[in-house]
K.L.:
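I'd like to ask some things about the structure below.
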Amino acid sequence: MLDMKLLRDRTEFVRERLATRNAGDEAKVTEILALDESRRSALAEAEQLKARRNSASKEIGGLIGQKRLEEAEAKKAEVRALGDRITELDKTAAQSEAARDALLLMIPNLPHASVALGKDAEDNPEIRVHGQKASFDFKALNHVELCEKLKLIDFARGAKLSGSGFLLYTGWGARLERALINFLLDLHLSEHGYTEVAPPYIVGEHCMIGVGQFPKFRDQAYAVQEGLDASTLGKLYLLPTAEAPVANIHREEILAEKQLPVRYCAYSPCFRAEAGAAGLGTRGMIRVHQFDKVELIKVVHPDHGYEELEKMVQNAETVLQRLGLHYRVINLCTGDMGFASAKTYDIEVWAPGQGTFLEVSSCSNCEDYQSRRMNLRFKRESDGQNLFPHLLNGSGTALARLFVALVETHQQADGSVRIPEPLRPYLGTDVIPAPTQPA
RNA sequence: GGAGGGGUGGCAGAGUGGUCUAAUGCGGCGGUCUUGAAAACCGCUGUGGGCUGACGCUCACCGGGGGUUCGAAUCCCUCCCCCUCCGCCA
């Protein structure tokens with residue numbers, strides 16, 4: 001969430017920055033400030049009264065000690081009235097604070113000054129391109145055709161098991177998925193300096209609030225219920241991304257400055273309800289309810305947030321380079337950026353069979369927006385101050401779409417799929433063989 | 001699922017209604033002593049909020065929330081978490 005002090009001291013700046021998102025959030029600022037003012041005035045009065053009550057109570061204790069009971073009783077009656085007023089003021093302050101915070105949680109992060117102004121994805125500037133579109137001297141297939149011919153994925157039975165949007169990987173397909181996961185993890189651990197973590201796949205609501213998924217995007221999550229106990233529904237959720245648990249690892253902690261930067265890498269499946277999303281219900285792997293992802297998370301000193309973001313994007317790009325894939329990096333404009341992010345790079349990989357670029361990674365610096373929400377701080381060594389670190393997250397990368405780009409790009413005239421050299425040790429083959437008999 | 005025990009500062013651990021401004025120990029930081037170090041001794045050592053130009057003043061926090069009381073770490077209610085044993089189980 002945003003810093004309340006910033007909202008008070010630089011109100012116009014906050015309004016202007018919010019307005020660049022074109023989401024109308026700047027309109028809520030006035031109400032937040034009013035609630036904050038109400039909170040503070042009630043608090044100031046309540047605390048004065050509490051100070052008086054505290055000293056009076058001490059006197060009462062003294063009087064009782066000296067057996068001056070009548071005086072003590074008189075004093076008690078006097079202080080009792082204070083208590084009622086304090087209760088009232090405390091209530092006002094608490095209500096104002098709760099209302100203020102509820103609004104504050106719905107306000108997105110401020111876009112960084114370097115982010116291009118824009119309305120939607122049309123306005124996202126392209127930062128760089130790597131490689132070029134694959135060309136084929138035979139009739140290239142799309143991933144659905146390839147997966148069916150090579151029996152990598154059984155779309156029909158996936159749907160039979162869990163409905164549309166769920167995949168059943170089979171044979172070489174299942175092995176390829178597993179090989180990719182291991183390849184990605186090993187790459188980031190051994191070459192990019194991340195520490196592997198394996199988080200729970202079901203997380204508490206507070207984790208979802210911490211990273212900014214909730215309260216705004218509650219409708220996109222799968223809620224879990226324990227057995228038949230309906231009262232447990234809404235306490236735990238299937239994770240939409242490993243960011244939810246991993247970014248929260250140090251929530252409510254005060255880290256030592258020398259512990260920074262913290263770099264975590266985690267594999268997890270990701271579950272997304274995708275309520276109302278376009279493209280779901282069609283066959284294929286582009287948009288599904290469950291997909292695998294290797295996620296990168298960093299907790300860094302605010303001075304290094306943006307250089308660490310650049311490194312993170314490069315870490316994700318390395319994946320695509322090693323796999324011989326064509327991609328481009330774009331910078332999300334103010335209107336297209338995610339809720340918690342101050343600056344986001346998307347990496348889109350070329351999928352020849354689709355004839356489009358597919359988003360396989362999104363790397364964001366959320367600055368102190370999430371660390372405020374989860375009250376994660378570090379102690380600055382020079383003066384002992386507790387500061388909010390920058391929290392970064394990035395896909396390194398998402399797997400289903402990577403799978404698509406991989407098989408579509410490296411398909412061969414004979415119907416087989418050539419495996420890029422770095423992946424071969426993981427898959428145990430140079431090539432996913434063409435079917436021996438026509439499907 | 002059943003029974004029991006617990007949650008207090010960085011850690012350990014006292015405190016069961018009023019100098020708790022939380023004992024004591026350990027750790028950490030600073031100092032004295034020393035050529036240096038150790039030991040010893042002395043001092044300091046949590047978080048957040050509000051008010052203030054500032055020195056500073058003040059409020060809250062003993063797992064979370066609520067209550068009783070002039071006054072709560074302490075009593076009551078409720079939720080969460082941890083531990084032990086039993087049952088079931090990959």
Side-chain angles (χ1 to χ4, degrees), chain A residues 1-9 32-102 104 198 200-210 224-237 245 248-259 368 371-389:
Chain A
M1 68 175 95
L2 298 181
D3 181 6
M4 199 57 229
K5 275 204 180 77
L6 185 73
L7 238 83
R8 280 204 295 262
D9 299 343
I32 293 175
L33 286 173
L35 287 165
D36 183 59
E37 177 53 38
S38 149
R39 168 182 176 269
R40 282 184 301 143
S41 65
L43 210 57
E45 192 182 341
E47 289 184 356
Q48 269 181 7
L49 296 180
K50 280 181 190 176
R52 272 166 62 188
R53 183 177 69 182
N54 285 346
S55 60
S57 289
K58 235 167 238 176
E59 287 174 38
I60 291 171
L63 291 171
I64 291 174
Q66 297 165 44
K67 301 277 186 231
R68 292 155 68 182
L69 297 182
E70 260 176 51
E71 287 170 72
E73 284 307 317
K75 199 93 191 169
K76 275 192 199 180
E78 194 186 314
V79 179
R80 195 169 296 140
L82 279 182
D84 294 343
R85 178 69 182 145
I86 288 171
T87 304
E88 204 176 299
L89 288 165
D90 272 346
K91 205 171 156 192
T92 303
Q95 281 170 350
S96 299
E97 182 173 341
R100 181 197 72 178
D101 289 349
L104 220 40
Y201 297 159
I202 299 178
V203 298
E205 188 187 30
H206 56 286
C207 291
M208 298 290 266
I209 291 174
V224 170
Q225 175 176 305
E226 290 175 32
L228 299 176
D229 184 355
S231 73
T232 61
L233 184 66
K235 290 186 174 168
L236 296 171
Y237 295 85
N248 276 289
I249 287 175
H250 297 291
R251 77 186 338 265
E252 277 159 45
E253 292 182 20
I254 301 174
L255 302 174
E257 184 172 5
K258 59 173 183 283
Q259 284 178 264
D368 59 359
S371 46
R372 273 179 203 285
R373 281 179 167 240
M374 59 182 75
N375 200 22
L376 162 60
R377 290 160 296 169
F378 73 95
K379 190 175 284 293
R380 191 204 271 155
E381 234 164 84
S382 57
D383 59 0
Q385 265 214 60
N386 293 327
L387 305 175
F388 292 101

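Note that these values count all heavy atoms, side chains included, but never hydrogens, waters or copies made by symmetry. Just so we're clear, the structure is a prediction, and the values are computed from it rather than from any experiment. To find a chain, count down the sequence lines: A is the first, B the second, and so on, and within it residues start at 1.
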K.L.:
Testing the basics here: between A/Leu376 and A/Arg251, what is the closest heavy-atom pair and its distance to 0.1 Å?
P.N.:
CB-CA, 4.5 Å

K.L.:
Looking at the side chain of A/Asn386, which of B/C59, B/G18, B/G48 is the nearest nucleotide?
P.N.:
B/G48

K.L.:
Sticking with atom C1', work out how far B/G7 lies from B/A73, rounded to a whole angstrom.
P.N.:
12 Å

K.L.:
How far, in whole Å, is B/G15 from B/G6 if one measures between their P atoms?
P.N.:
12 Å

K.L.:
Taking the C1' atom of each, how far is B/C59 from B/G71, in whole Å?
P.N.:
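Nearest-Å result for B/C59 against B/G71 at atom C1': 16 Å.
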
K.L.:
With both distances kept under 3.5 Å, what pairs with B/C41, Watson-Crick or G-U wobble?
P.N.:
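Its partner is B/G31.
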
K.L.:
Just checking A/Arg8: base, sugar-phosphate only, or nothing, at a heavy-atom cut-off of under 4.0 Å?
P.N.:
sugar-phosphate

K.L.:
Using the P atom as the reference point in each nucleotide, state the distance between B/A22 and B/G63 in Å, no decimals.
P.N.:
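Roughly 16 Å separates the two P atoms.
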
K.L.:
Can you tell me if the side-chain N/O atoms of A/Lys379 get under 4.0 Å from OP1 or OP2 in B/U47?
P.N.:
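Yes, A/Lys379 has a side-chain N/O under 4.0 Å of OP1/OP2 on B/U47.
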
K.L.:
Is the phosphate of B/C51 approached by A/Arg40 (side-chain N or O, under 4.0 Å from OP1 or OP2)?
P.N.:
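A/Arg40 to B/C51 OP1/OP2: side-chain N or O found under 4.0 Å.
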
K.L.:
Please tell me which of A/Gly61 and A/Ala46 maps to the more 5' nucleotide of RNA chain B, matching each residue to the nucleotide holding its nearest heavy atom.
P.N.:
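Result of the comparison: A/Gly61.
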
K.L.:
Could you check how far CD of A/Gln385 sits from P of B/G48, rounded to whole Å?
P.N.:
9 Å

K.L.:
So which nucleotide from B/C70, B/G50, B/C80 ends up closest to the side chain of A/Lys235?
P.N.:
B/C80

K.L.:
Taking atom C1' in both B/C29 and B/G10, what distance in whole Å separates the two?
P.N.:
13 Å

K.L.:
With both distances kept under 3.5 Å, what pairs with B/A60, Watson-Crick or G-U wobble?
P.N.:
B/U47

K.L.:
Give a yes or no on whether a salt bridge exists between A/Glu88 and A/Lys91, defined as a side-chain N under 4.0 angstrom from a carboxylate O.
P.N.:
no

K.L.:
Please confirm whether the backbone N or O of A/Thr92 pairs with a side-chain atom of A/Ser96, one donor and one acceptor, at under 3.5 Å?
P.N.:
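Side chain of A/Ser96 to backbone of A/Thr92, a donor-acceptor pair under 3.5 Å: yes, one is there.
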
K.L.:
Considering only side-chain heavy atoms of A/Glu47, which listed nucleotide, B/G49, B/G48, B/C70, is closest?
P.N.:
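Of the options given, the side chain of A/Glu47 lies nearest B/G49.
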
K.L.:
As a test of reading the structure: which of B/C70, B/C59, B/U47 is closest to the side chain of A/Arg377, going by heavy atoms?
P.N.:
B/U47

K.L.:
Could you give the NZ-to-P distance, from A/Lys50 to B/C51, as a whole number of Å?
P.N.:
15 Å

K.L.:
Using whole Å, what does the distance between atom P of nucleotide B/A60 and atom CD of A/Glu45 come to?
P.N.:
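Value for this atom pair: 16 Å.
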
K.L.:
Hunt down the Watson-Crick or G-U wobble partner of B/G1, both distances under 3.5 Å, from any strand shown, or write none.
P.N.:
B/C86

K.L.:
Mind checking if A/Ala51 touches a base, just sugar-phosphate, or nothing, with heavy atoms under 4.0 Å?
P.N.:
sugar-phosphate

K.L.:
Can you tell me, in whole Å, how much space there is between the P of B/G46 and that of B/G30?
P.N.:
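Going atom to atom, P in each nucleotide, I get 16 Å.
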
K.L.:
Can you tell me, in whole Å, how much space there is between the P of B/G2 and that of B/C88?
P.N.:
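It comes out at 15 Å once rounded to the nearest Å.
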
K.L.:
Inspect the contact between A/Lys75 and A/Glu59 and indicate whether a charged nitrogen and a carboxylate oxygen are less than 4.0 angstrom apart.
P.N.:
yes

K.L.:
Taking all heavy atoms of A/Asp368 and all of A/Phe388, pick out the closest pair and write down the distance.
P.N.:
CB-CB, 3.6 Å

K.L.:
Within this structure, what is the CD-to-C1' distance between A/Glu73 and B/U69, rounded to whole angstrom?
P.N.:
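That distance rounds to 12 Å.
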
K.L.:
Tell me whether the OP1 or OP2 atom of B/A60 has a side-chain N or O from A/Asn54 closer than 4.0 Å.
P.N.:
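For B/A60, OP1/OP2 do have a side-chain N/O of A/Asn54 under 4.0 Å.
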
K.L.:
Here's a test of your reading of the structure: between A/Ala44 and A/Ala77, which maps to the more 5' nucleotide of RNA chain B?
P.N.:
A/Ala44

K.L.:
Just to confirm, is there a sub-4.0 Å distance from OP1 or OP2 of B/U69 to any side-chain nitrogen or oxygen of A/Arg53?
P.N.:
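Answer no for this pair, as no side-chain N or O of A/Arg53 is under 4.0 Å from OP1 or OP2.
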
K.L.:
Would you indicate which nucleotide in B/G50, B/G18, B/A60 comes nearest to any side-chain atom of A/Ile60?
P.N.:
B/G18

K.L.:
State whether A/Glu47 and A/Lys50 are salt-bridged, where the test is any N-O pair (Lys NZ or Arg NE/NH1/NH2 against Asp/Glu carboxylate O) under 4.0 Å.
P.N.:
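Result for this pair is no, no salt bridge flagged.
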
K.L.:
Provide the Watson-Crick or G-U wobble partner of B/G18, both distances under 3.5 Å; none if there is no partner.
P.N.:
B/C70

K.L.:
Expressed in angstrom and rounded to an integer, what is the separation of A/Arg52 atom CZ from B/C70 atom P?
P.N.:
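These atoms are roughly 17 Å apart.
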
K.L.:
If only side-chain N and O atoms of A/Asn375 are considered, is one of them under 4.0 Å from the OP1 or OP2 phosphate oxygen of B/G48?
P.N.:
no

K.L.:
Between A/Leu49 (CG) and B/C51 (C1'), how many Å, whole number?
P.N.:
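Nearest whole value for this atom pair: 14 Å.
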
K.L.:
Quantified in whole Å, what is the P atom distance between nucleotide B/U19 and nucleotide B/A72?
P.N.:
11 Å

K.L.:
Specify the separation, in whole Å, of atom CG of A/Leu43 and atom P of B/C61.
P.N.:
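Interatomic distance, CG of A/Leu43 to P of B/C61: 13 Å.
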
K.L.:
Is it the case that the side chain of A/Ser41 and the backbone of A/Ser38 share a donor-acceptor pair, with hydrogens and angles ignored and the cut-off at 3.5 Å?
P.N.:
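Side chain of A/Ser41 to backbone of A/Ser38, a donor-acceptor pair under 3.5 Å: yes, one is there.
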
K.L.:
Does the structure show a Watson-Crick or G-U wobble partner for B/A12, both distances under 3.5 Å? Name it, or say none.
P.N.:
B/U24

K.L.:
Hey, does A/Leu82 reach any base, or is it just sugar-phosphate, or nothing, if we go heavy atoms under 4.0 Å?
P.N.:
nothing

K.L.:
May I have the distance from A/Leu63 (atom CG) to B/G71 (atom C1'), rounded to whole angstrom?
P.N.:
13 Å

K.L.:
Could you grab the distance from atom CZ of A/Arg100 to atom CD of A/Glu37, nearest 0.5 Å is fine?
P.N.:
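One gets 11.5 Å once the value is rounded to the nearest 0.5 Å.
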
